[in-house]
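Single-structure report; data block below.
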There are 2 protein chains.
Amino acid sequence: MSSLSQKGEAAGGIQSLDTALRVLQTLGLAGKALSLSELSRLCDLPATKVHRYLASFSHSGLVVQNGRSGTYDLGQGAILLGLAALARHDFVNTTADALPGLAEETGLTALLCVWGNSGPTVVRWQRSTSLMVTSLGLGTTLPLLTSATGRVCLSYLPEVVTRHLVESELRRIKRNPNILDDMKASLTGVREFAVAVRERGFASVDGRFIPGLVAIAAPILDWQEQAQAVITLIGTDPRTIEPNSTAHQMLAEFCRAHSIVNQK
Amino acid sequence: MSSLSQKGEAAGGIQSLDTALRVLQTLGLAGKALSLSELSRLCDLPATKVHRYLASFSHSGLVVQNGRSGTYDLGQGAILLGLAALARHDFVNTTADALPGLAEETGLTALLCVWGNSGPTVVRWQRSTSLMVTSLGLGTTLPLLTSATGRVCLSYLPEVVTRHLVESELRRIKRNPNILDDMKASLTGVREFAVAVRERGFASVDGRFIPGLVAIAAPILDWQEQAQAVITLIGTDPRTIEPNSTAHQMLAEFCRAHSIVNQK
DNA sequence: AAATCTATTGCATATTATAAAATATTGATC
DNA sequence: GATCAATATTTTATAATATGCAATAGATTT
C-alpha cells in the first residue's frame, strides 16, 4: 500500500531502476562473467526479468555478452564510465570534506597529508574544539622517523621512494642517538619497524618527540596497497593512542571508508 | 501499436532503463558535474523524470549529488564499477603486476594509462625515488598533444577516437601558439607527427611542458596494432629520454613482452 | 524583502514492466 | 546422427508503476 514502506532508505527513485542497478552491481562484484541463470540466482530475481535488464545494459555498452557461452560481463562502457568518474574525482578534496567530521567525532585535531618531495606534507588540517598550540601549517613537512604520519609513509610506500629521506634522517639521528628510542637507528631497523606497522595498520607516537602531544596515523590505501594519503589524529591525552581506543576505531573506519578499494 | 516498430536496433530491453542509461552516459560524457536542468536539457527529457532517475542512481552510488550546489556527478560506485570492468581485462592485471619492477629497474616513475573519454587516464602508477608530481595521481587525464602519453595515444588509436580532443586542444593552443613548438598546430601537423611516432615506436617530451620533467611513452598493442594501454616513464634527467638509453630499451622490452599476451 | 530560478514532492492516469508459459537454441548422451 | 536436457529468448495478458502536470520548498539575486 504505502509507497515508502518497502525500504526506509530508498526514497524518490524508480523501483525497476533500483533493482536493475542491483543486478549491475552484482555482476561487478562477481569478478567474472556470469550466465543468466547464475546472475538471476545471485540477485534472487526471475531470469526473464534479469534478461530484460541485461538487454538494456547491452544497448548502452555497460554489459557485453560473450558470443559462444552466452555469459554476460561488464563491457567497455563500464570502463569508460569508471574512467570518467575517476578523472574528475579529486580524492584529496573528498577526503578533506570529511575531515571536520572526524575531528569533531574524536575531539582531536585531524591532519590530511600526502607524500611530497621532502616527505609527508600537510595539505589539510582540522583543529578540534580543544585548542592546541600548533606549528603545523599547510605545507609543513613532517619527519619520517619521528612522527606518526611519517612512520605510516615509511610502511606503506615503496622503499625506493623513502630511502633517500630515511638515510638523511638516520644521519641526523646518529648525532643525537637518544632521540629515537623505540626503533633501531639503521636501515634494517627501519624495515623491521615498517613490518610491525603494516601488521597493526597504524602508527603512533607518544609525547617523547613533541612533549605533551600524542598522535596516531593510518593510511588511505589505493589498490596497490600503497598510501595515497595519511590521516593523523593529534591530541594531548596519552590514552587516545592506546590500541582499541575509540579514536583508533574511528580513524580505522575513516580510512577504510575513503580507500578506493573498499567495496561491499 | 506494435511494440517493436519504434527502433529497429533496440530489441528486447526496457525502455525506462534505456533512457535512464542514456542519462547516465550523458553525465559521463559531460566531463563535469551538471545541474538537473542542464542534464535534462542535454538529454531532452523532462526534469522531473531525470530527477527520479538520478535518485535511483544515487541510491546505488553511481551518482552523487554535491551538497551545496545540488549538481550531480559520477560517484564512487562508478569508479568501482569501472575498476571492476578494467580488472576483467587480463592485460591490465598482468601489466600492472609488472609495473613496480619496471619502475625499480629504471629508477623512474612508471605510469599505466588507458584511453578514457577525456583522454589518456592514469590507471596505475608506480613512483620511484624522490620524484613526486603532486598533480599526478590515479585518474589524472593527460593532454593529447603535450604529453608523451598523449602523443602515443594520438599515434596508435583511430583518428575518430581522438579527433574530438585533438581539435579542442588545438583550439586551446592557437591562443598560446608558442607552447607547442615541436609540432605543427594543425590537424595535418598532428597526422605527420603521428606517423613519425609510429616509425620510432615511442614518443617523448622534454622539460618544455612541465619544467624539469621528462617522459617517454610507448604503447601496448593489441592484435590490430592499436594501443590498449600506454606505459610512460617519467624522470628528471634529460638523458633518459635520449634514444638508445637504457630506460628506452627497458620500456621497449616491457611493452613488447606485454603486447603479445591476451585473448583466450 | 520580493522575485526568480531551480530542485523536489504528490497524485491521477495510462503507459510499461512484469510473470508465466511457449519457443528457440545450445550442449550432451546414446 | 538423433534425442534429450538445460539454458536463453520471445510472446502475451494483466496490473503494477513510471509518468507528467502542478504545487511546494529552497536558494540566490535584485
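Only this structure's heavy atoms are used, side chains among them; waters, hydrogens and symmetry mates stay out. Note on naming: letters A, B, ... go to the chains in the order of the sequence lines (proteins, then strands), and numbering restarts at 1 for each one.
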ask   = Taking the side chain as C-beta and beyond, is there a heavy-atom pair between A/L233 and A/T240 under 4.5 Å?
value = no
task = With the side chain of B/S35 defined as its heavy atoms from C-beta on, choose the nearest nucleotide among D/dT7, C/dT8, C/dA7.
result = C/dA7
message = Using the side-chain heavy atoms of A/I14, tell me which of these nucleotides is nearest: C/dT18, D/dT19, D/dT17.
response = D/dT19
Distance in angstrom units between A/D44 CG and C/dA19 P, rounded = 12 Å
note = side chain to side chain contact (heavy atoms under 4.5 Å, CB included) filter on B/T26, not counting sequence neighbours, yields B/L39, B/L42, B/C43
inquiry  = Could you work out, with side chain to side chain contact (heavy atoms under 4.5 Å, CB included) as the rule, every residue matching A/E105, not counting sequence neighbours?
reply    = A/M250
Interatomic distance, A/R41 CZ vs D/dA6 P [rounded to whole Å] = 13 Å
inquiry  = I'd like to know if the side chain of B/D73 reaches the main chain of B/V64, judged simply by a donor and an acceptor atom lying under 3.5 Å from each other, with no hydrogens or angles considered.
reply    = no
request  = Select from A/A47 and A/L17 the residue whose nearest nucleotide in DNA chain D is closer to the 5' end of that strand.
outcome  = A/A47
inquiry  = I need a per-nucleotide contact map over nucleotides 21-26 of chain D, read 5' to 3'. Cutoff is protein heavy atoms under 4.0 Å; write B for the base, S for backbone only, - otherwise.
reply    = B-----
ask   = Between atom CD in A/Q15 and atom P in D/dA18, what is the gap in whole Å?
value = 5 Å
Length of the CG-P vector between A/L45 and C/dA17, whole Å = 16 Å
task = Check the distance between C/dA17's C1' and A/D18's CG and give it to me in whole angstrom.
result = 14 Å
query = B/T95 side chain to B/V92 main-chain N or O, any donor-acceptor pair under 3.5 Å?
reply = no
D/dA8 phosphate, OP1 or OP2, under 4.0 Å from A/H51 side-chain N/O = no
task = Look at B/S16 and C/dA17 and indicate whether a side-chain polar atom (N or O) is within less than 4.0 Å of OP1 or OP2.
result = yes
request  = Quickly work out the B/L54 CG to C/dT6 C1' distance and round it to whole Å.
outcome  = 14 Å
message = Just N and O in the side chain of A/Y53: are any of them under 4.0 Å from OP1 or OP2 of C/dT18?
response = yes
query = Is any side-chain nitrogen or oxygen of A/Q65 closer than 4.0 Å to OP1 or OP2 of D/dT9?
reply = yes
ask   = Is there a donor-acceptor pair under 3.5 Å between the side chain of B/E169 and the backbone N or O of B/L145?
value = yes
Euclidean distance, atom CG of residue A/L36 to atom C1' of D/dA8 [Å, nearest integer] = 6 Å
query = For the pair made of CD in A/E38 and C1' in D/dA8, what is the distance, rounded to whole Å?
reply = 13 Å
ask   = Given the rule in the salt bridge (Lys or Arg N to Asp or Glu O under 4.0 Å) test, do B/R256 and B/E253 qualify, once you have shown the distances and angles that lead to the verdict?
value = CA-CA 5 Å; B/R256 201 183 52 72; B/E253 170 59 24; 3.0 Å; yes
